[in-house]
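Read the structure below first, then the notes.
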Amino acid sequence: MASSSPRSAVLPISIAMFGIGLLAIVLIFALFATGHQDLPAWISVVALLCPAGLIFGVIATVIRARRH
């Protein structure tokens with residue numbers, strides 16, 4: 001059954017942030033496994049999207065649940 005309330009764009013964005021951050025973390029482990037020592041700083045910054053996406057997703061879910 002379809003919901004009549006409009007969908008929020010926050011949850012898909014937070015899922016995308018989490019996924020991109022998770023891929024960056026996997027990339028960091030893969031680069032360390034292949035012997036790379038000095039990784040660019042942007043990889044570490046992108047990896048921070050993982051916890052940020054998780055936090056935004058939880059907050060968006062709690063706010064949406066409280067509205068209903």
Side-chain angles (χ1 to χ4, degrees):
M1 188 174 347
S3 175
S4 62
S5 65
R7 297 188 69 177
S8 174
V10 176
L11 194 57
I13 291 172
S14 65
I15 291 171
M17 287 172 58
F18 182 80
I20 292 168
L22 196 59
L23 286 175
I25 292 171
V26 169
L27 179 65
I28 289 171
F29 279 114
L31 288 173
F32 274 130
T34 58
H36 290 81
Q37 293 288 326
D38 297 325
L39 299 178
W42 66 268
I43 294 177
S44 298
V45 172
V46 172
L48 291 175
L49 288 175
C50 189
L54 180 65
I55 290 168
F56 288 143
V58 168
I59 291 171
T61 303
V62 168
I63 290 173
R64 186 169 183 190
R66 285 188 161 200
R67 282 189 207 162
H68 295 295

Cluster link Leu22 to Leu54, ILVMFWY, side chain under 4.5 Å |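 In one cluster: yes.
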Minimal non-hydrogen separation, Gly57 against Ser14, with atom names =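 Closest heavy-atom pair between Gly57 and Ser14: CA-OG, 3.4 Å.
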Quick one: closest heavy-atom pair of Ala47 and Pro51, and the distance?
->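 That closest heavy-atom pairing would be O-CD, 3.5 Å.
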Which pairs, with at least one residue in residues 15-35 and sequence neighbours excluded, count as a side-chain hydrogen bond (donor to acceptor under 3.5 Å, both in side chains)?
->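 Non-adjacent pairs meeting side-chain hydrogen bond (donor to acceptor under 3.5 Å, both in side chains): Thr34-His36.
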If you link ILVMFWY side chains whenever their heavy atoms are less than 4.5 Å apart, which other residues fall into the same cluster as Ile55? By chain and number, please.
->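 Result for Ile55 is Ile59, Ile63.
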Whichever hydrophobic residues join Ile20 through chains of side-chain contacts under 4.5 Å | Ile13, Met17, Leu27, Ile28, Leu31, Phe32, Leu39, Trp42, Ile43, Val46, Leu49, Phe56
